[in-house]
Number of protein chains: 2
Amino acid sequence: MRKTSIKDIAAKAKVSIATVSYVLNGTRNVRPDTRHRVVEAIKELNYKPNDIAKSLKLNRTNTIGVIAEDVTVFNAPEIIDGINDFGDRHDLHILLVNLRLNKRIGRNFADIESYRKYAADAVSELLSKQVDGIIYIGVHTRDLTGLIDADGKPIVYTYGYTRDDISIQYNDEQASYQAMSHLIAKGHSRIAIISGLMDSIPSRQRLNGYYRAITDFQLPFDPLLIKMGDWERESGFRLTGELLSLPEPPTAILSMNDVMVVGVLQAADERGIKVPEQLSVMGFDNREFSDYLRPRITTMELPLHDMGYQAIESLYNVINGNKTEPLIMPECRLIERDSVAALPTM
Amino acid sequence: MRKTSIKDIAAKAKVSIATVSYVLNGTRNVRPDTRHRVVEAIKELNYKPNDIAKSLKLNRTNTIGVIAEDVTVFNAPEIIDGINDFGDRHDLHILLVNLRLNKRIGRNFADIESYRKYAADAVSELLSKQVDGIIYIGVHTRDLTGLIDADGKPIVYTYGYTRDDISIQYNDEQASYQAMSHLIAKGHSRIAIISGLMDSIPSRQRLNGYYRAITDFQLPFDPLLIKMGDWERESGFRLTGELLSLPEPPTAILSMNDVMVVGVLQAADERGIKVPEQLSVMGFDNREFSDYLRPRITTMELPLHDMGYQAIESLYNVINGNKTEPLIMPECRLIERDSVAALPTM
DNA sequence: CTGTTAGCGCCTTCAT
DNA sequence: ATGAAGGCGCTAACAG
């Protein structure tokens, strides 16, 4: 048997289908007793409105397409959680497309052509589904200009950006400045930094924060303390080796992610250098494992939830033509644990 | 201006809308030259079919509703990835609902009432959206009977089950049997096990695997070596303390998840007991951090991707009325790292 | 306050 | 091989 529709309700309640629609949406005043009859009929027949029909009519699906470059990457779930948070409050649904980039092309992000087709298919799929807007979640922050043609649909990027579209980022410079401030407050002045890949905006901005802190706090600047890593554990290991071999090694290392911290710890351990007693270490990301390593890692937590929340909030605003002031950029948060020690004042 | 529709194509190609539909779907033979005209028109107008209208007509959305109890829990992303894998191959789309249980109710899963409403809302939302079927991803495996009324829509559970519905699990007993076999092959015979919460099916089944291995390999059975944990790090720590205080302590510990291993390691470290030289340790889950701890943890990897894949595959089969033999239960895989040492043979 | 009706974009039966 | 037309379930003029 067919699913019960507005028509069945109308028949049962002895009203027109228009009236049913009115009580359903509250778009018109309806006499209490007729409303009652309708409500009863709805209950008895266990009626569920058909959003598909509604969407067709209204040309509006209340659905946001979310394209994740890879849901298994650590930033994705928490960003999606933020999207859901806002979505729940505003009756927005989420159509999720997972590009599965890690499994399909590995880390070869430089070659846009290798995944252009996946992205284009995703967009086309979402457009056919008539989503009201699109959110794109990158695996790491980079310029995505020209990857996607959203055909006029509102789109916002997070963990990525283009020249023309809205994108949500967090304040990288502030984050590394804050990390540095923490280290400096603990008495450190020879502070090394291990960066991520330098083609990445976050790496550069965090380096800016580092420079600014050095300047503001009038620390001696030593280029030997600046090391270019690649986000991977091995680079943390190798570069820490170099740092510790310096004639005058640093007393603290700021690593631009927690994964490289694993390498830092290992390098220190192999040289019999105790963390944090002889070497303080800070990371970025507040990955789950930061709390499991020994010592537990002091790190900067990323505002992933907020980024997701803001991404969909911005999208919602442009979809509805709301004029709103720009949202304030989310900031990282210092998570103090055990990998930073105060330097004895001399 | 209105979006271009099938009607515009028909006008431009000087055919009827029916013909356009035919070439779009290949449902009828169309003379090559008319087909050509249609295809050209589609290109020129950059036409994208409207799946909403199609769905309304066909009463089929090619969309699967996925209800995740919490996408930020470690099992969810990889399961979703498996769902996407199959979905991509069969043109199935994913409408994702995130119950956000961790943030909303914490770990209070025993009290179904506290989240029944969230689940009901999710289902109702998906039914209105006319999904063709539903997948429910739990946070941990338990009986969910009576939580959800899917109103006749096909539904399959993973990381959870009900009395009546399809559910996808992996082979827990086999997994712990295999883990035990590995330990035994390395020469261990006094092997302790730290379980998860005992209200959990996986805990019980893994214990079965433990017993079966003990029996099959004719190891002495010592109830003192069986400890009931609660999946959390602290219980791993505390119970390892108890185990190491035994008059005759175990030479190996099998922990039912990697998180408790963190506690195991810590307890051993505090007593100056070297892992794996003096104590071998194995975990479950192959969490990312298992590779970051020192020593790197040997563990059983969960077939999460396969579970997601099988979940949607089963769903797809019931939706399409395919008669198929039941899928074979996915199995865990041993990941050998550095936390297990061979016992010197005496 | 309530009913009638056109039409959203598409598929498909029926006719030619 | 192609076209005409009805209808999926719903909303919103418009009419009364």
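Letters A, B, ... mirror the listed sequences (proteins, then strands); counts begin at 1.
Residues A/H305 and A/D85 have side chains that bring a donor and an acceptor to within less than 3.5 angstrom of each other.
Rounded to an integer number of Å, the gap from CZ of A/R28 to P of C/dT2 is 11 Å. Remark: C1' of D/dC10 and CD of B/Q130 are 12 Å apart, rounded to the nearest angstrom. For A/K7 and C/dT5, the NZ to P distance is 13 Å, given to the nearest whole Å. Separating the CG atom of A/N62 from the P atom of D/dC10 is a distance of 16 Å, rounded to the nearest angstrom. If you measure from atom CG of A/N25 to atom C1' of D/dG9, you get 13 Å, rounded to the nearest angstrom. Distance, A/I17 CD1 to C/dG3 P: 11 Å, rounded to whole Å. The CD1 atom of B/I52 sits 18 Å away from the P atom of D/dC8 (whole-angstrom rounding). When the C1' atom of D/dG6 is taken as reference, atom NZ of B/K57 falls 7 Å away, rounded to whole Å.
Regarding contacts with the backbone of D/dT2, a side-chain N or O of B/T34 is found under 4.0 angstrom from either OP1 or OP2.
The nearest heavy atom of DNA chain D to B/A18 and to A/S5 marks one nucleotide each, and the one closer to the 5' end goes with B/A18. Position along DNA chain D of the nearest nucleotide to B/R31 versus A/L24 favours B/R31 as the more 5'-ward residue. DNA chain C is contacted by both A/N29 and A/N59; A/N29 maps to the nucleotide lying nearer its 5′ end (nearest heavy atom per residue).
A distance of 8.0 Å separates OG in A/S55 from CG in A/D132, rounded to the nearest 0.5 Å.
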From CA spacing to verdict: salt bridge (Lys or Arg N to Asp or Glu O under 4.0 Å), B/K153, B/D151: CA-CA 6 Å; B/K153 279 269 187 250; B/D151 202 22; over 6 Å; no
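Taking every side-chain heavy atom of B/N50 into account, C/dG9 is the closest of C/dG9, C/dG3, C/dT2. Taking the side chain of B/I6 as heavy atoms from C-beta on, and the options C/dC11, D/dG9, D/dA5, the nearest nucleotide is C/dC11. Counting only heavy atoms from C-beta on, A/Y22 has its side chain closest to C/dG3 among D/dG9, C/dG3, D/dA4. Taking every side-chain heavy atom of B/S21 into account, C/dT12 is the closest of C/dT12, D/dA12, D/dG9. Distances from the side chain of A/T19 to the nucleotides D/dG3, C/dT2, D/dG9 place C/dT2 closest. Closest to the A/K54 side chain, of the nucleotides D/dC10, C/dC11, C/dC10, is D/dC10. With C/dC11, D/dA12, D/dA4 as the choices, the nucleotide that has an atom nearest any side-chain atom of A/L58 turns out to be D/dA12.
A salt bridge (charged side-chain N to carboxylate O under 4.0 Å, His left out) with B/E69 holds for exactly one of B/K103, B/R142, B/R104; it is B/R142.
A/Y157 and A/Y136 have tilted rings, their planes meeting at an angle from 30° to 60° on a 0 to 90° scale.
Note on A/V15: only backbone sugar-phosphate atoms sit closer than 4.0 angstrom, heavy atoms only; bases stay farther off.
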